[in-house]
Amino acid sequence: MADHLYPVPASWAAKSRMNAAERAADHALSLAAPGRYWLDRAARLDWFRFPTRADESSFDEADFQVKWFADGALNVSVNCIDRHLAGHGDDVAILWEPDDPAEAPRRFTYAQLHAEVCRLANVLKAQGVRKGHRVTIYLPMIPEAAFALLACARIGAIHSVVFGGFSPDALAGRIQDCDSSVVVTADHGRRGGKLVPLKANVDEALRQCTSVEAVVVVRATGGAVEMVPGRDVWLDEAVRHVAADCPAEPMNAEDPLFILYTSGSTGKPKGVVHTSGGYLLWASLTHELCFDYRRGEVFWCSADIGWVTGHSYIVYGPLANGATTLIYEGVPNWPDASRMWEVVDRHGVHTLFTAPTALRALMREGDDYVTGTSRKSLRLLGTVGEPINPEAWRWYHEVVGEGRCPIVDTWWQTETGAAMIAPLPGATALKPGSATLPMPGVAPELVDAEGRPVEGAGEGNLCITRSWPGQMRTVWNDHARFFQTYFSTYKGKYFTGDGCRRDEDGYYWITGRVDDVINVSGHRMGTAEVESALVLHAKVAEAAVVGFPHDIKGQGIYAYVTLNAGEEASEDLRKELRDWVRTEIGPIATPDAIQFAPGLPKTRSGKIMRRILRKIAEGDVSPLGDTSTLADPAVVEHLVDNRIIAE
Ligand code: WTA
């Protein structure tokens with residue numbers, strides 16, 4: 001059933017940019033003549049100095065580097081704003097839908113966007129921000145979030161967006177790692193009718209950060225906040241003292257555009273670095289191809305700007321293409337489960353790009369919330385962030401899209417910048433649950449545990465064997481970790497951390513992470529991060545965290561906790577630990593289940609046997625596999641007998 005083929009609808013085939021054969025030929029050309037192919041594609045951007053070189057990357061340790069268009073110079077904000085002004089200055093660049101549906105939406109034309117971005121850029125400059133400085137952005141989903149990214153890009157500052165759901169501690173860690181000199185935040189954020197105290201969180205975070213000299217505060221709700229004299233400025237006051245124009249800084253293609261922290265299987269979150277030329281080209285090209293974007297259409301990516309999906313498909317890809325991009329402040333199910341479809345109707349959305357977890361949650365509420373709305377503007381539906389189960393795929397296709405909208409399931413990662421494996425709506429027949437085929441220049445390879453390539457149909461670990469323009473360039477401040485994390489497992493290849501199957505038609509089916517990263521509601525979470533948060537609690541001796549299948553979230557967080565001698569396990573303590581993790585990291589890291597355990601299963605050399613913990617959390621306890629290497633097999637029996645049934 002899952003392999004059922006959905007052919008390209010005739011209406012799409014008739015007007016698409018490429019058909020299936022052309023897609024295949026284009027992909028082959030991109031691999032056979034990459035230099036020419038990518039210099040041709042580079043012409044979609046406006047350059048101060050057009051590059052003469054494309055890919056100069058090498059994945060080998062001896063001459064390891066990721067480098068594209070190195071002699072080119074451009075400015076990302078010019079590409080996203082200024083170049084549209086002459087012919088399209090009055091086109092709507094940003095549509096903003098507020099959290100509360102009773103409030104009026106806002107809209108900004110490209111000409112208005114230009115003015116907003118220039119003023120904010122000048123405010124940053126007035127706070128001492130210069131090319132190469134880091135600016136941390138901790139904002140709700142308001143238009144100023146997009147302005148802030150573009151303002152940094154305009155003056156060559158490197159932005160680091162921190163998701164508004166992260167705690168003060170998590171924010172502080174991310175500010176310290178990249179030494180930001182300025183933070184841009186808002187008084188409060190609003191999500192689903194609730195206030196998030198962003199400015200107060202910043203104040204708390206800054207007690208631990210010495211690098212920050214100024215905080216620029218957007219008056220979003222008008223709620224009361226404390227302002228520290230000499231450090232904090234209101235944006236609406238500061239813009240009155242600056243010029244309405246701000247010249248764009250010429251940037252080398254390889255100059256960093258942003259840092260975005262993401263979880264890995266070990267240690268602290270990594271600062272993924274993306275650069276100006278390759279990243280923008282990749283975001284813009286994939287936005288056009290995957291969504292067959294045409295000027296005038298309304299494009300809605302419902303991710304938060306705090307994640308890579310928001311960077312690439314709310315801001316950079318769409319605006320580089322002169323699109324109308326919708327920013328929604330709220331959540332999918334507030335005031336009720338029809339909100340997303342009401343937003344679609346209110347703004348005439350053509351393309352909706354969202355996460356399977358949102359679809360599963362809405363699907364559970366029943367079809368009436370959907371069928372009570374029109375949705376006639378929709379022509380294309382996209383998903384990203386986690387594998388989509390065929391049931392949710394079909395609901396999206398049949399109920400939401402009434403069978404007329406192709407589903408574009410895009411597989412990619414923070415590290416890849418933008419979509420890597422995805423259907424093109426006019427070219428690719430669909431199979432529910434498969435991200436289908438590689439984008440131009442993308443060379444996927446499946447390898448077995450020994451690193452041997454799997455040919456033809458089969459399953460393995462997903463690697464990419466050559467660089468592509470949107471690939472991350474380094475881990476901020478830790479180039480050795482970049483190599484170590486992604487290129488040392490399989491020599492000469494970028495290892496994604498995902499497992500994958502390739503079928504007889506060459507279609508790719510992502511099976512999920514094969515490392516210690518879990519995917520909770522489409523958000524990446526390192527199990528090590530949750531473990532470190534738990535062991536910081538005074539009563540906790542040891543913790544091990546694994547993922548388990550969750551109907552709505554995709555994966556849930558299951559924590560095994562060993563208490564210090566003399567501490568009593570209790571319901572209260574369980575709640576205390578959940579709250580503890582929320583404050584240490586943020587609500588998205590809250591464990592769904594906490595099992596108190598007298599001990600954890602370890603090998604005789606002291607290594608925790610996660611395979612066993614995963615099985616117990618999954619409820620799959622019959623054959624636990626080889627437990628002969630366990631130091632103390634009785635520990636496992638206790639764990640099995642006291643398993644928590646998580647909601
Ligand atoms: C998973 C989000 C299956 C995958 C853009 C990857 C997916 C991780 C898909 C990256 C998809 C993303 N199908 N799995 N269409 N898209 N993933 O960095 O495990 O937040 O490695 O980037 O999400 O998550 P990240």
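This one's a predicted model, so the numbers in the text were calculated from it and none came from an experiment. As the structure lists them, so they are numbered: ligands from 1, and atoms in each ligand from 1.
Taking a cutoff of 4.0 Å between a charged side-chain nitrogen and a carboxylate oxygen, K268 and E529 do not qualify as a salt bridge. In this structure, R375 pairs ionically with E402, as a charged nitrogen and a carboxylate oxygen lie closer than 4.0 Å.
Annotation for E391: atom CD does not count as buried by contact number, only 12 or fewer foreign heavy atoms lying within 6.0 Å.
Within 4.0 Å of ligand 1, contacts by protein heavy atoms are made from V308, T309, V384, G385, E386, P387, D409, T410, W411, W412, Q413, T414, D498, I510, R513, N519, R524.
At distances below 3.5 Å, not a single donor-acceptor pair connects side-chain atoms of T275 with backbone N or O atoms of D255.
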- prompt: What's the verdict on ring-ring contact (aromatic ring centres under 6.0 Å, His included) for Y486 and F495, showing C-alpha distance, side-chain angles and the deciding distance?
  reply: CA-CA 5 Å; Y486 303 101; F495 176 42; 9.0 Å; no
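Applying side chain to side chain contact (heavy atoms under 4.5 Å, CB included) to I137 and the options S180, S160, C152 leaves one that passes, C152.
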